[in-house]
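To start, I am sharing the structure in question, which I have written as structure tokens.
Residue numbers start from 1 in every chain, and the chains themselves are labelled A, B, ... in the order their sequence lines are given, proteins ahead of strands.
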There are 2 protein chains.
Amino acid sequence: MDTLETRELRYFVAVAEELHFGRAAERLGMAQPPLSRAIQQLERRLGVRLLARNRRGVALTGAGEVLLHEGRAALDATTAAARRTRRAGDGADGPDGPRNRLVLAVKAGASHELLHKLLDACAAEPGAAEIEVLPSGTCEQEAMLRDGRADVALLHTPYNSLAGFDSEELLTEGQIAVLPAGHRLAARKALSPEDIGDIPDLPLARWPRHGVYPPGPGPEIHDLTQLAQLIALGRTLAVFPDSARAWLWAEHAAVPLPDAPPVVTHIAWPAHSRSLALAALIRTATRL
Amino acid sequence: MDTLETRELRYFVAVAEELHFGRAAERLGMAQPPLSRAIQQLERRLGVRLLARNRRGVALTGAGEVLLHEGRAALDATTAAARRTRRAGDGADGPDGPRNRLVLAVKAGASHELLHKLLDACAAEPGAAEIEVLPSGTCEQEAMLRDGRADVALLHTPYNSLAGFDSEELLTEGQIAVLPAGHRLAARKALSPEDIGDIPDLPLARWPRHGVYPPGPGPEIHDLTQLAQLIALGRTLAVFPDSARAWLWAEHAAVPLPDAPPVVTHIAWPAHSRSLALAALIRTATRL
DNA sequence: CCCGGTGATACCCGCCAGGTATGACAGGCC
DNA sequence: GGCCTGTCATACCTGGCGGGTATCACCGGG
């Protein structure tokens, strides 16, 4: 009477995202009629109208939007429970006591130096947990923490949000514009954010934010190598924290952006975590 | 294969809390054998041993402890989804547009003045959400935010933890010792935390923290009136923020505790909240 | 007017959650 | 040792419900 089943949440989230029973059913690997019925039962049990059926597709009601948000969070929490439990039991007992393993999510290609120092420090620590580094797509570390693919992550404000996590500050850096070495602006000592917003021959590269690309003239970027190449070819420019200098090519030029907001790297973890291994890692990280 | 059902989580949490299949089954309103089988299936599906059966009761394995913590969080999230969805649809459309309603959890009897000012300010705000004040037991506001009984809460550090919530600071106050007016210490200008820890004839009252009472000689307190009476009768003393002076009796005396840590009142809400009504309330609160 | 597309309804079936009865096993007691 | 008790596991059965197929009701467009 009171408790939602995860199955129902999965079904509703699918329908709410697709706004189409047929496509949602396909995505769920089932037929459309039982899905319709399940949603109806859900609405009856909650005593709330979730979807406005418009004969031509479907729209979310206010309550539906609430359930979409809260339901996603709940689904993330349950899959996180499953994943973390599996990991906890995986190699539960090594040669000396329970073998602890932590999955650390990092933006692929970011914070090279910092990460290197962190891993070295952990390796030096006797009895510290084994760290598995999990490279993540753009801005995906937050989702990985929420759904249990990772136990701890390196996040970069203002690109990432720390909402819902506990965190410690690790490093603050300025930003640079990375552009083709031959470009006329490459010789400048500094640039401002306005300068690079509308260069006719060099549009700003676009990264996906939570899976969607912002509008704009620049190319859509999938990975760092691709971006590096496009910059080297003179087709785009991009903005990075200082530490990106580590992977620049000869054909790249870096120009400081003194007025851009500083990028702060944090180590972040789910607020309810109660793991000794994690606490040790955080202590190690903040001592760097 | 991959996703845990809430039913399984409920079952496991019950067993993990009782550490006894029979009692857990009773609590769940079902027979013991299907519960045993469900837990076995869960262990098989996760590929992980959750419970160590000791012929004489049951103990949690490491993975079991992880699932207990994460599973509780997941269950809270799903019941929160159900509750908030119900509330969102409840009186979804009032006379003028969607009627917004927020449930604000406050520790019963705390922050009288602040709360009064906040409610007045909200009432003055045109188009602001209707605020339902939900008095909570000791330290229960956090749980209420997590499981959706409340949308927003007033929390008091260091008694409450802000972990997992977004929050804004509202008020900082010192603490006072409340003791019988006739007591020899009532005339003192100030007391230190050590002073009040071991007064032979006046043991410190004990509040439940997350449902359990800390050990000690003092009486176990259930509500504020009861405590007030016990103090007035000269049976105990208690520590409160300054604002508690509002409800003191004539037979009470308040002595400042300048060395006690200050109590900071925060307004806190689930980090993932995206409600306009909530944002407005927070803006109102921080402007006080 | 018919046709394509959408969600709802009707009906059926097989699986699995849950119940009852019983077993297996360890410990305490006389 | 024999027995009882408490505990979890096993065996077996049943009913409900989750899911499938076929079909309907409805609307918009050519």
- Task: Please tell me which of the listed nucleotides, C:dG19, D:dG19, C:dG7, lies nearest to the side chain of B:M30?
- Result: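 For B:M30, the side-chain atoms sit closest to C:dG19.
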
I need the OH-C1' distance between B:Y11 and C:dG19, as an integer number of Å.
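Taking atom C1' of C:dG19 as the reference, OH of B:Y11 is at 12 Å.
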
Item checked: C:dG5 phosphate, OP1 or OP2, under 4.0 Å from A:H20 side-chain N/O ->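 Looking at the OP1 and OP2 atoms of C:dG5, neither is under 4.0 Å from any side-chain N or O of A:H20.
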
field: Neighbour count above 12 (heavy atom, 6.0 Å) for B:Q32 CD
entry: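 Yes, enclosed.
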
| Rounded to whole angstroms, how far apart are CG on B:L50 and P on D:dC8? |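 So the two atoms are 15 Å apart, to the nearest Å.
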
Whole-Å distance between C:dA17 P and B:Q32 CD?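 Result: 16 Å.
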
Examine D:dA9: is either OP1 or OP2 under 4.0 Å from a nitrogen or oxygen in the side chain of B:S36? Give yes or no.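 Yes, within the criterion.
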
- Query: More 5' along DNA chain D: A:R37 or A:P33, using each one's nearest nucleotide?
  - Reply: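 Nearer the 5' end of the strand: A:R37.
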
Given D:dG19, D:dG20, C:dA8, which nucleotide is nearest the side-chain atoms of A:A31?
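Ranking D:dG19, D:dG20, C:dA8 by closest atom to the A:A31 side chain puts D:dG20 first.
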
B:V58 side chain: which of C:dA8, D:dC8, C:dT20 is closest?
->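 Selected nucleotide: D:dC8.
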
* May I ask you to evaluate whether B:R53 reaches the phosphate of D:dA9, defined as a side-chain N or O under 4.0 Å from OP1 or OP2? =>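 For D:dA9, OP1/OP2 do have a side-chain N/O of B:R53 under 4.0 Å.
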
task = Working to the nearest 0.5 Å, report the span between CZ of A:R87 and CZ of A:R101.
result =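 The distance works out to 9.5 Å.
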
ask   = How about B:R235: does its CZ atom have over 12 heavy atoms from other parts shown lying under 6.0 Å from it?
value =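 Atom CZ in B:R235 is not packed in, count stays at 12 or less.
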
**Request:** Can you tell me the distance, in whole Å, between the CG atom of A:L42 and the C1' atom of D:dC17?
**Result:**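 In whole Å, D:dC17 C1' and A:L42 CG are 16 Å from each other.
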
Can you figure out which of C:dA8, C:dG18, D:dT21 approaches the side chain of A:P34 most closely?
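Among C:dA8, C:dG18, D:dT21, the one nearest the side chain of A:P34 is D:dT21.
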
Any B:L75 side-chain heavy atom under 4.5 Å of B:D147 side chain: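 No. Closest side-chain heavy atoms not under 4.5 Å.
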
When you measure from the side-chain N and O atoms of A:Q41 to the phosphate of D:dG18, is any distance below 4.0 Å, counting only OP1 and OP2?
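So the side-chain polar atoms of A:Q41 do come within 4.0 Å of the phosphate oxygens OP1 or OP2 of D:dG18, strictly under.
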
| query | Which of these, B:R84, B:R86, B:R274, sits in a salt bridge (charged side-chain N to carboxylate O under 4.0 Å, His left out) with A:E70? | reply |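 That would be B:R84; it is the only one of B:R84, B:R86, B:R274 passing the salt bridge (charged side-chain N to carboxylate O under 4.0 Å, His left out) with A:E70.
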
What is the nucleic acid contact for A:Q40, judged by heavy atoms within less than 4.0 Å: base, sugar-phosphate only, or nothing?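 The answer is sugar-phosphate, as A:Q40 gets under 4.0 Å only of primed atoms, P, OP1 or OP2.
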
Rounding to an integer number of Å, can you tell me how far A:L35 CG sits from C:dT9 P?
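For the pair A:L35 CG and C:dT9 P, the rounded distance is 14 Å.
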
Atom pair distance, as rounded to whole Å: CD in B:E8 and P in C:dA17 |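 Rounded to whole Å, this separation is 8 Å.
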
| field | Atom-to-atom span, CZ of A:F21 to C1' of C:dT9 - whole angstrom | value |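 Between C1' of C:dT9 and CZ of A:F21: 14 Å.
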
Rounding to an integer number of Å, can you tell me how far B:I39 CD1 sits from D:dT7 P?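 Rounding to the nearest Å, CD1 of B:I39 and P of D:dT7 are 17 Å apart.
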
